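Below is one structure, written out as structure tokens, with a few remarks after it.
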Amino acid sequence: MSEVRERNESAWLMTADGSRMEPGLRDNMRRFDDDDEVDLVIVGCGAGGSTLLQRMARAGARVVALDAGPFWEPETDWVSDEAGSHHLYWTEPRKIGGSDPVPLGSNNSGRGVGGSMVHYAGYAPRFHPSDFRTRTNDGVGADWPIDYGNLKSYYELIEEELPVSGEDWPWGDPHGYPQRPHPVGGNGELFQRGALACGITAKVGPVAISNGRFGNRPHCIYRGFCLQGCKVNAKASPLITHVPDALAHGAEVRPDSMVTRIEIDQRTGRATGVHYARGGVSRFQRASMVAVAGYSIETPRLLLNSTSDRFPNGLCNDFDQVGRYLMVQGAPQTAGRFDDEVRMWKAPPPEVSSEQFYETDPGKPYKRGFSIQTVSPLPITWAEHVSAQGYWGADLRNYMSDYVHWACLGSLCEFLALPDNRVTLADEKDRHGMPIARFDYSQCDNDRALMKAATGVMEDILKGAGADEVITINRYAHLVGGARMAATEQKGVVDADCRSFAVPNLLIVDGSVLPTQGSANPALTIMAVAARAAARLTQQRT
Amino acid sequence: MSTLPLDPRHGGGRFPDFDVTTQARHWDETTRAVVEKRLGMQTPVRFFTESEQAAATALFDQLLYQRSEPRVPVTEMVDARLAENLTDGWHYETMPPDEAAWRASLTNLDDDSREAHGCLFAECDWDDQSAILTAIQNRGSDQWHGMVAAQVWSLWTRYACTAFYSHPQAWNEIGFDGPAYPRGYKNIGVNRLESFEVHDARPGDDPVEGKGQ
Ligand SMILES: Cc1cc2nc3c(=O)[nH]c(=O)nc-3n(C[C@H](O)[C@H](O)[C@H](O)COP(=O)(O)OP(=O)(O)OC[C@H]3O[C@@H](n4cnc5c(N)ncnc54)[C@H](O)[C@@H]3O)c2cc1C
Ligand code: SF4
């Protein structure tokens with residue numbers, strides 16, 4: 001691991017007990033003035049933004065990241081409790097529509113330094129090589145302007161920095177992981193048992209949860225609250241994997257700063273900085289380069305709200321691409337009932353997964369595929385699963401009293417990128433006076449066919465493990481797209497290096513640039529894309 | 001700590017003497033403060049009007065089958081979320097934001113009840129209340145007073161379940177261990193229990209129809 005430490009010292013910049021970042025790092029952090037023209041201002045300090053911040057700080061740039069949410073202290077700001085973790089979510093007003101509206105908030109949107117990875121589950125799979133060529137190979141989705149080979153080395157770097165643990169991975173581009181697989185709990189055990197019975201390959205991992213001590217970060221204590229923020233600091237989030245190293249290299253992280261508009265010099269067409277609200281005061285940070293990393297809803301919203309004479313329809317929106325091709329993954333969740341006690345909440349929800357159904361199967365009537373993973377809902381989310389079956393009153397209490405007997409799997413189905421699944425601005429305004437985002441979603445037939453197929457496989461696995469009843473809830477997971485990368489400005493918002501086509505000194509480095517999503521959880525790919533963008537910017541690698 | 005009243009036929013008494021609050025000394029301070037607040041006195045109702053409060057309480061009693069004391073104070077907990085703007089933020093385009101959707105749907109509930117039984121929802125007897133709710137649930141994706149019935153149902157059950165299943169007494173009923181930091185778990189895997197956990201006394205009590213009981 002010494003090589004990681006030379007590149008990214010974050011894990012060694014935690015206090016000796018691993019409970020927090022060295023307090024001096026934050027107390028003595030460099031602080032730029034609004035009037036300083038920094039080399040780079042980053043909007044959003046999540047998966048993409050923090051990776052770029054750390055890389056650019058290492059390269060010697062004067063860089064500041066503004067985040068709308070707080071600068072968390074895990075020990076005092078987070079709890080080992082479901083309902084008490086509400087403050088981790090992006091809960092500003094948003095409107096959802098379309099024929100299959102996608103609920104936001106807790107399910108897919110984080111806030112604060114570390115971004116959505118603070119309360120993500122922790123799965124860290126790579127995309128498959130086929131994901132970059134779905135248009136050519138399958139006639140659906142889009143081709144990326146880069147291919148898997150361009151990202152591979154960045155995947156390897158980030159996997160070491162998080163770090164990722166798991167068995168040798170047989171799917172996509174076969175690869176190993178820096179850390180050995182974790183032991184599994186009841187839910188993972190039953191997935192393995194059922195998969196074996198059905199002839200399906202399942203593997204432990206890949207999870208960005210440290211198996212053993214990593215730097216000063218402690219190992220996982222298998223307490224199951226990964227989606228509530230890991231107080232232990234065993235699960236990776238940029239707050240502990242990239243921000244400490246960035247601060248040590250002179251970066252500033254400015255929390256509680258909501259960016260409302262990007263300013264453009266109407267004569268040169270270049271970005272000059274960002275308007276932001278902090279403590280109710282409107283401010284302006286000057287910068288010679290701007291990177292947006294607010295994720296798939298907020299990034300398009302910010303661009304659309306940044307209108308000017310040059311960009312009357314929103315920044316970088318000359319070809320009506322901003323906000324479009326936003327994707328969620330269909331995430332049906334199927335649970336099975338066992339006479340044994342599973343106690344699925346004991347152990348991290350991300351344990352075991354299968355990518356056996358990831359690729360297009362020519363024998364099937366649909367394109368692309370799905371993955372299957374353990375998910376282990378805590379009581380409130382489990383109650384949602386049970387009430388989705390229509391149970392309430394005495395039936396609900398009865399089913400809930402049976403909680404210890406249930407195992408639960410989730411699937412990620414590759415929903416296709418469609419132009420009308422998009423973010424626009426609603427009439428309603430938020431407390432900053434900024435129009436709120438409206439997010440429309442409608443599934444296509446391929447999407448629905450995948451959900452059905454995935455549910456069938458999960459039912460088979462659970463029954464194969466001995467379940468006598470299975471119940472399913474249709475959910476959605478993750479967001480990507482909304483400002484996608486493409487070969488030309490007619491087809492997307494940024495190029496292969498995350499530079500916007502329309503504004504030479506504006507980058508987008510978050511989940512919104514992904515043109516397709518595969519059936520992999522996106523965070524690792526978002527970080528890899530950001531790391532590559534940074535390398536291209538500093539010309540260190542190709 | 002007392003458990004909630006629930007007949008064994010509905011899943012009561014499956015984890016005899018299991019009480020998560022006896023483990024509170026093993027919880028971290030921040031978490032303990034958050035959880036223990038749910039056990040103490042709640043802030044008096046301030047978001048709901050008096051008539052909304054009455055309808056909401058009757059609704060939550062039905063949805064969560066709370067028929068006698070002690071109860072989880074669901075009305076107060078939901079009221080606090082709405083008063084403090086601790087909603088999830090998003091709302092369906094076919095529905096107003098949560099605060100307004102709550103007020104409207106509770107008023108509509110009273111309207112249905114007045115029409116069918118000539119009294120407020122809270123004044124109806126238990127079975128009539130159940131029938132009114134069943135009728136709304138059965139509307140599915142059809143409209144109910146200008147909103148999609150299923151979306152209203154989802155709003156109600158989401159808030160009700162979030163409050164109820166955040167309460168240690170409800171955890172005792174379902175065998176859930178509650179907060180687990182900094183101690184964590186030592187025995188993970190099928191049928192493996194920590195020393196403080198209690199086995200389900202009636203593992204055959206499968207809620208699946210025709211089994212158990
Ligand atoms: C419950 C849940 C489970 C998940 N599980 C997984 C998983 O297991 N594996 C996986 O790979 N992914 C998972 N994800 C998804 C993953 O976390 C996200 O895809 C990823 O974090 C997105 O990265 P990003 O950089 O695009 O945005 P984010 O990480 O969300 O960061 C965006 C940041 O920008 C800030 N921001 C937004 N707008 C503004 C503005 N105008 N001004 C200032 N700041 C702003 C926000 O506060 C936020 O901190 C999960 C997500 C959730 C919510
Ligand atoms: S299970 Fe492990 S990774 Fe998840 S929150 Fe607990 S300690 Fe962190």
Side-chain angles (χ1 to χ4, degrees), chain A residues 75-84 86 89-97 101 103-106 183-186 189-190 221-225 231-232 337 339-343 345-347 379-380 383-384 387 390 392-405 438 468-469, chain B residues 6-7 10-12 14 27-28 30-31 34-35 62-65 86-94 97 130 133 137 157-158 161-166 170-171 173-185 187-194 197 199-200 203-208 211:
Chain A
E75 184 63 31
T76 46
D77 296 340
W78 299 347
V79 290
S80 186
D81 179 73
E82 218 180 348
H86 193 265
Y89 318 139
W90 188 281
T91 55
E92 295 291 310
R94 287 166 170 177
K95 190 186 261 196
I96 60 172
L104 300 165
S106 64
V184 299
E189 205 177 313
L190 289 167
I221 59 169
Y222 305 106
R223 66 186 189 116
F225 282 90
K231 284 186 79 118
V232 178
R337 205 271 175 189
D339 284 340
D340 287 330
E341 292 189 18
V342 186
R343 297 185 177 254
W345 68 85
K346 290 170 62 180
I380 292 169
E384 211 175 301
S387 49
W392 55 281
D395 292 338
L396 174 73
R397 295 273 292 273
N398 198 12
Y399 259 90
M400 289 299 295
S401 76
D402 207 41
Y403 182 40
V404 301
H405 295 286
R438 176 195 166 114
D468 53 15
E469 187 200 6
Chain B
L6 184 67
D7 195 290
H10 299 132
R14 292 178 75 162
W27 305 344
D28 67 281
T30 319
T31 303
V34 165
V35 173
Q62 281 281 338
L63 292 177
L64 298 162
Y65 201 71
L86 295 175
T87 69
D88 246 7
W90 57 271
H91 66 90
Y92 293 103
E93 63 155 335
T94 43
S130 305
L133 293 180
Q137 187 190 26
T157 52
R158 258 186 289 130
C161 289
T162 300
F164 189 80
Y165 287 105
S166 73
W171 298 340
E173 184 174 298
I174 66 175
F176 175 65
D177 304 312
Y181 173 81
R183 179 169 57 182
Y185 296 117
N187 300 305
I188 60 173
V190 175
N191 285 332
R192 295 189 62 199
L193 268 60
E194 313 299 310
E197 291 184 299
H199 271 295
D200 178 7
D205 244 8
D206 194 329
V208 182
K211 293 197 67 177

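Values below: every heavy atom of this structure, side chains too, minus hydrogens, waters and symmetry copies. A, B, ... follow the sequence lines: proteins, then strands. Residue 1 opens every chain. Not measured: the values here are computed from a predicted model.
Minimum heavy-atom separation, B:Arg14 to A:Asn398: NH1-O, 4.3 Å. A:Lys346 approaches B:Leu193 most closely through the heavy-atom pair NZ-CA, 3.8 Å. Scanning all heavy atoms of the two residues, the minimum distance from B:Tyr65 to A:Gly393 falls at CB-C, 3.5 Å. Nearest approach of A:Ile380 to B:Ser166, heavy atoms of both residues: CD1-CB, 4.1 Å. Nearest heavy atom pair, residue B:Asp28 against residue A:Lys231, reads OD2-NZ, 2.9 Å. Contact between B:Asp200 and A:Val404 at its shortest, heavy atoms only, is CB-CG2, 4.3 Å.
The most heavy-atom pairs under 4.5 Å with chain A, out of B:Thr157, B:Thr31, B:Asp7, B:Leu6, come from B:Thr31. Ranked by heavy-atom pairs shorter than 4.5 Å toward chain B, the options A:Leu190, A:Leu396, A:Ile96 are led by A:Ile96. The most heavy-atom pairs under 4.5 Å with chain A, out of B:Val34, B:Asn187, B:Thr94, B:Leu63, come from B:Leu63. Of all the listed residues (A:Ser387, A:Gly84, A:Ala347, A:Ala83), the one sharing the greatest number of non-hydrogen pairs under 4.5 Å with chain B is A:Ala83. When each of B:Gly178, B:Gly184, B:Gly189, B:Ser130 is scored by its heavy-atom pairs under 4.5 Å with chain A, the top score falls to B:Gly189. The candidate from A:Glu92, A:Glu82, A:Lys95, A:Arg397 with the greatest count of non-hydrogen atom pairs under 4.5 Å with chain B is A:Arg397. For chain A, the option among B:Gln62, B:Arg192, B:Arg183, B:Arg158 with the highest count of heavy-atom pairs below 4.5 Å is B:Gln62.
Applying the side chain to side chain donor-acceptor pair (under 3.5 Å) criterion to A:Trp78, with sequence neighbours excluded, gives no partner residue. Here B:Ile174 pairs with A:Pro379, A:Met400, A:Tyr403, B:Tyr165, B:Phe176 under the side-chain contact (heavy atoms from CB on, under 4.5 Å) rule; sequence neighbours left out.
A distance of 7.0 Å separates CG of B:Asp206 from OH of A:Tyr399, quoted to the nearest 0.5 Å. A distance of 13.5 Å separates OH in A:Tyr89 from CH2 in B:Trp90, rounded to the nearest 0.5 Å.
No part of B:Trp27 comes within reach of chain A, as not one of its non-hydrogen atoms sits under 4.5 angstrom from that chain. Heavy-atom distances place the side chain of A:Arg343, and not its backbone, under 4.5 Å from chain B. Only the backbone of A:Val184 comes within less than 4.5 Å of a heavy atom in chain B; its side chain stays farther off. Looking at B:Gln137, the atoms closer than 4.5 Å to chain A (heavy atoms on both sides) all sit in the side chain, from C-beta outward. When heavy atoms are compared at a cutoff of 4.5 Å, B:Pro97 approaches chain A solely by way of its side chain, counted from C-beta outward. Contact of A:Glu189 with chain B is made through the side chain alone, with heavy-atom distances under 4.5 Å. With a 4.5 angstrom heavy-atom cutoff, A:Phe225 touches chain B only via side-chain atoms.
Looking at A:His86, its side chain does come within 3.5 Å of a backbone N or O of B:Thr87 through a donor-acceptor pair. Of the possible polar contacts, none joining the A:Ser401 side chain to the B:Glu173 backbone as a donor-acceptor pair under 3.5 Å is found.
The closest side-chain heavy-atom distance from A:His405 to B:Pro203 is below 4.5 Å. Within the 4.5 Å cutoff, no side-chain heavy atoms of A:Asp395 are placed close to those of B:Pro207.
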